[in-house]
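Below you'll find the structure, written out as structure tokens, and then a few comments.
As a basis for the values below, the full set of heavy atoms in this structure was taken, side chains included, without hydrogen atoms, waters or symmetry mates. Quick caveat, the model's predicted, so the values are computed rather than measured. Note on naming: letters A, B, ... go to the chains in the order of the sequence lines (proteins, then strands), and numbering restarts at 1 for each one.
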Amino acid sequence: MARQYTLHRGASATTPQIDYAAELNPQQHAAVTAAPGPALVIAGAGSGKTRTLTYRVAYLVENGISPQNILLLTFTNKAAREMLDRVAALIPHDLTGLWGGTFHSVGNRILRRHPVEAGFAPGFSIMDREDAEDLLDTVVATLGVDPKDKRFPKAGVIGDVLSFALNTSRKIDDVLVEKYPHFLEFSPQIGEARVRYEIKKRETNALDFDDLLEKSLRLLHENEPVRDRYQRQFQFILVDEYQDTNHIQGDFIDILGARHSNVMVVGDDAQSIYSWRGADFRNILEFPKRYPQARTYKIETNYRSVPEVLAVANAAIAANVRQFRKELIAARESNEFKPALVPLGDSGQQAQFVAQRVLELHEEGVDLDEIAVLYRAHFHSMEIQMEFTRRGIPFQITSGLRFFEQAHIKDVASFLKYVVNPRDEVAFKRMVRLLPGVGPRAAEILWADASKLPDESSFTALIDFKVPSKSRKSWGQLAHTLDEMAPKRQPVRPSEMLRSVVEAVYDDYAKANFPNYEQRREDLQTLVNFSRQYQSAAEFLDQLALLTNLEHESVASRGETELVTLTSVHQAKGLEWKIVFVIWMADGKFPSVRSLESDESVEEERRLFYVAVTRAKDELYLTYPQMHLGSGYGEMLQRPSRFLSEVPKALVEEWEVGCRW
DNA sequence: TACGTGGCGCTTTTT
DNA sequence: GCGCCACGTA
């Protein structure tokens, strides 16, 4: 055992500026000022979880901990940025040394510093889900399975299986048995696909999202100097949304915190809603077991919702067996509005009800931005969208493709990816397939030659390749453009590269292929603007891969008009509105049909319902259609959601909606 | 082999 | 409403 030696704060440390006791409630204060050592903070919905974390960081820094010795882990970039901004607003200290970001970005940061130790070359690519699927496709093609065999899983499904197995530390076969029993017969091929996929990733010098976690964890496990370095560096580790961590993330935290053991995890087991992508909320439930010295702090005062809403929330979650018992206590006063339970004839009426009520509320002075319609699955919103459009209610919908995942963005980015990492097979193929007359087959052949180009040779060497006569001309153009993007293989600035691609190649392609060319061109301009803040293409591409959203720009470009929000409950987590409608509160919709198979998944749906309810500040409407026009079966009776029957009748007011045309 | 067209079916999503 | 897939044609 090494000798323990503690550094004490010198006289130069500044005296704390923040009056913690005054600015925080007693429960928050206890967590923020906790003594070093492992700590579990159970923070209920709307209880100031983010506030607690940001004050904790400020507290550490004010008490002389250097920012570079702090690691703050979140799930989304938005959360990371928000917290760091808030810390910066609290204290005057320079926080640039602080490591704050998503698990993936921190993993990436470590791997970028030690790529070779991790088995990759500097400048590796990051593959998003689609890229990974493309690469898996090429791997599956080498497996010798009959391409006409419809029973064999698609690359996307194989990717899901491998990812789920990895993130839950389980065997492929166990995952197959549980989630994909019909693919069990292909277990050997799927296992082989994994082996070849791993090899392929090293060949193409590309990592998928899972690798950013798994390869960095592996590096920490296997490489003592690297492990030692980061264990020493991160004296204090803080983790947000701990209930949504998976095994790998749990291990990642444990290994980094092993030396100092100052791991503070914050979360709410009642809001764990991501088990289907590998999150295991046993991480949070069993934290006290893994860290026997851990102290637990509960923050239960809710500042968001009126007591009427919280009563429903508390009742809703009570039916769950596996949880830390806790009760949200309202800080706000009653508003005399009991959450409304609204049965409706069918989904059309449901849409009419929501629309009409939205208009009424708006007339009463409620800002449309303060209203949200939540649902279990995106397609549940179809009728609402149509009804809102019919009545001229402006709305924004959070769904579909993210900015950076759109085809035209990824097309253009593939040029940069190839230039930065010429071993990137996926990027190369995507790029050349944009040329007329080049499909999957031709791309394959071209790659066979291109992958043999020596590292130092100029991209103009591509000109001599054999290409279909149809693409002769554009091929020369492509080679020339690549050379312009990286003369002598030295990449120019990313904004310059993008300009070259768009002007020389992509604009023509977009004009010819996209009916909404104008919109796409605007997006590309946005991308160019975004890229200006980066000096190096590699850095820019990292952001492109890890960011997936352009929050600021997209919000600003939509203008200042008020909009009602339509969103899935999952995407609503962490947000709040004055008025919340939860629609399709019917068994088979919410909870979803597929969740009804097991108690565990129903519990997760119940947590999801809890998340939905706790988004409401003032008024909550729970609506459901009693009749559903089923596909092919004619009209079907729909049962109200079982979650509704778990809420005592006295806590809600049932509305009887009649029709008068 | 590339590419356009019509039909179908649909958890949830971050990186 | 949109993406994916299968199929047919050049």
Side-chain angles (χ1 to χ4, degrees), chain A residues 73-80 101-108 126-133 147-148 150 154-156 160 163-164 167 207-214 216 240-241 244-246 248-249 272-279 374-386 389 397-402 404-407 432-445 468 470-471 512-513 515-516 542-549 567-574 584 588-597 601 604-605 607-609 611-612 631-632:
Chain A
L73 289 163
T74 65
F75 272 86
T76 64
N77 293 295
K78 197 175 147 207
T102 62
F103 283 92
H104 291 87
S105 72
V106 170
N108 181 45
I126 300 174
M127 295 184 289
D128 71 9
R129 194 196 170 82
E130 190 191 12
D131 301 330
E133 213 174 295
K148 281 196 248 32
K150 299 288 172 239
K154 298 262 167 293
D160 287 347
S163 176
F164 193 76
N167 285 313
L207 285 78
D208 63 26
F209 284 138
D210 287 340
D211 289 326
L212 296 180
L213 295 177
E214 194 253 340
S216 52
D240 187 29
E241 305 274 21
D244 286 329
T245 52
N246 62 33
I248 298 204
Q249 289 158 331
S272 168
I273 54 176
Y274 284 111
S275 75
W276 48 272
R277 63 181 199 211
L374 312 190
Y375 35 80
R376 177 64 180 81
H378 281 299
F379 68 85
H380 295 165
S381 71
M382 291 316 311
E383 275 126 330
I384 301 279
Q385 289 186 50
M386 289 191 285
T389 308
I397 184 155
T398 62
S399 76
L401 285 182
R402 270 153 261 286
F404 293 133
E405 287 170 356
Q406 301 175 94
V432 298
R433 268 189 317 215
L434 296 171
L435 304 184
V438 179
R441 187 78 199 103
E444 189 68 51
I445 294 166
K470 226 172 156 185
S471 36
N513 287 282
N516 58 347
D542 263 13
Q543 292 306 311
L544 219 56
L546 294 173
L547 220 49
T548 68
N549 250 331
T567 175
S568 70
V569 183
H570 280 94
Q571 287 186 317
K573 192 163 92 160
W584 276 115
K589 290 291 188 296
F590 197 175
S592 71
V593 198
R594 292 174 68 173
S595 73
L596 296 176
E597 287 159 20
S601 52
E604 177 146 319
E605 297 280 305
R607 293 193 291 271
L608 195 59
F609 178 50
V611 168
S631 46

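The backbone N or O of A/Asp160 sits nowhere less than 3.5 Å from a side-chain atom of A/Ser163 that would complete a donor-acceptor pair. Although no hydrogens or angles enter the test, the distance criterion places a donor-acceptor pair under 3.5 Å between the side chain of A/Thr76 and the main chain of A/Ala79.
Taking atom CG of A/Asp244 as the reference point, atom C1' of B/dT12 lies 12 Å away to the nearest angstrom. The CD1 atom of A/Ile397 sits 12 Å away from the C1' atom of C/dC2 (whole-angstrom rounding). Between the P atom of B/dT12 and the CZ atom of A/Arg607 lies a distance of 18 Å, rounded to the nearest Å. A/Glu444 places its CD atom 16 Å from the C1' atom of B/dA2, with the value rounded to the nearest Å. At whole-Å resolution of the value, CD in A/Glu133 and P in C/dC4 are 8 Å apart. Following rounding to the nearest Å, A/Arg594 (CZ) and B/dT12 (C1') show an atom-to-atom distance of 10 Å. As a whole-Å value, the separation of A/Asn167 CG from B/dT15 C1' is 11 Å. Atom pair A/His570:NE2 and B/dT15:C1' shows a separation of 16 Å (rounding to whole Å applied).
Here A/Ser595 contributes atom OG and A/Phe590 contributes atom CZ; the two are 9.0 Å apart, rounded to the nearest 0.5 Å. A distance of 8.5 Å separates CG of A/Leu434 from CG of A/Asn513, quoted to the nearest 0.5 Å.
For A/Ile445, the side-chain contact (heavy atoms from CB on, under 4.5 Å) partners are A/Arg441, not counting sequence neighbours. Looking at residues two or more places apart in sequence or on another chain, you find a salt bridge (charged side-chain N to carboxylate O under 4.0 Å, His left out) between A/Asp244 and A/Lys573. In this structure, A/Glu133 has no salt bridge (charged side-chain N to carboxylate O under 4.0 Å, His left out) partners at least two apart in sequence or on a different chain. By the salt bridge (charged side-chain N to carboxylate O under 4.0 Å, His left out) test, A/Asp131 pairs with A/Lys410, A/Lys417, sequence neighbours left out. Residues that satisfy the side-chain contact (heavy atoms from CB on, under 4.5 Å) test with A/Ser471, not counting sequence neighbours, are A/Leu435, A/Val438, A/Val467, A/Pro468, A/Ser474. Under the rule for a ring-ring contact (aromatic ring centres under 6.0 Å, His included), the partners of A/Tyr274 that lie at least two apart in sequence or sit in another chain are A/Trp276, A/His570. Every salt bridge (charged side-chain N to carboxylate O under 4.0 Å, His left out) that A/Asp542 has, sequence neighbours left out, goes to A/Arg112.
Taking atom C1' in both B/dT11 and C/dA6, the straight-line distance is 25 Å, to the nearest Å. Between the C1' atoms of C/dC5 and B/dT12, the separation comes to 23 Å (whole Å).
When the side-chain nitrogen and oxygen atoms of A/Asn77 are compared with OP1 and OP2 of B/dT14, none of them lie within a distance under 4.0 Å. Taking 4.0 angstrom as the limit, A/His378 places none of its side-chain polar atoms (N or O) nearer than this to OP1 or OP2 of C/dC2. The shortest distance between the side-chain N/O atoms of A/Ser568 and the OP1/OP2 oxygens of B/dT13 is below 4.0 Å. Phosphate proximity of B/dT14 to A/Gln571: present, with a side-chain N or O under 4.0 Å from OP1 or OP2.
Which of B/dT15, B/dA2, B/dT13 sits closest to the side chain of A/Pro440 comes down to B/dA2. The nucleotide whose nearest atom lies closest to any side-chain atom of A/Met382 is, among B/dT11, B/dT12, C/dG1, C/dG1. For A/Thr76, the listed nucleotide lying nearest its side chain is B/dT15; candidates were B/dT15, B/dA2, C/dC5. Relative to the side chain of A/His104, the nucleotides B/dT15, B/dA2, B/dT13 differ in distance, and B/dT15 lies closest. Listed nucleotides B/dT13, B/dT15, B/dT11 differ in distance to A/Glu405; the shortest reach to its side chain belongs to B/dT15. The side chain of A/Phe209 sits closest to B/dT15 out of B/dT15, B/dT11, B/dT13.
With its glycosidic angle within 90° of 0, B/dT11 is assigned syn.
Among the atoms of the strands shown, none is found under 4.0 Å from any heavy atom of A/Glu383. When heavy atoms are screened at a 4.0 angstrom cut-off, A/Ser592 is found touching base atoms of the nucleic acid. A/Lys573 comes within 4.0 angstrom of no nucleic acid atom, judged by non-hydrogen atoms across all strands. Using a 4.0 Å heavy-atom cutoff across all strands shown, A/Asp210 reaches no nucleic acid atom at all. Backbone-only contact: A/Arg441 has heavy atoms under 4.0 Å from sugar-phosphate atoms and none from a base. Contacts of A/Pro468 with the nucleic acid, taken as non-hydrogen atoms under 4.0 Å apart, are absent.
Residue whose closest nucleotide on DNA chain B sits further toward the 5' end, between A/Glu604 and A/Thr102: A/Glu604. The nearest heavy atom of DNA chain B to A/Ser105 and to A/Arg376 marks one nucleotide each, and the one closer to the 5' end goes with A/Arg376.
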Under a cut-off of 3.5 Å for both distances of each Watson-Crick or G-U pair, what dot-bracket string does DNA chain B give, using [ ] for crossing pairs and | for inter-strand pairs? ||||||||||.....

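Stacking annotation: A/Tyr274 is not stacked on the base of B/dT13 (requires ring centroids less than 5.5 angstrom apart and an interplanar angle below 30 degrees).
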Provide a list of protein-nucleic acid N or O atom pairs under 3.5 angstrom, restricted to nucleotides 3-10 of chain B.
unit_1 : atom_1 : unit_2   : atom_2 : d
B/dC3  : OP1    : A/Gly437 : N      : 2.8

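Under a 4.0 Å N-O distance rule, the pair A/Arg129/A/Glu405 does not qualify as a salt bridge.
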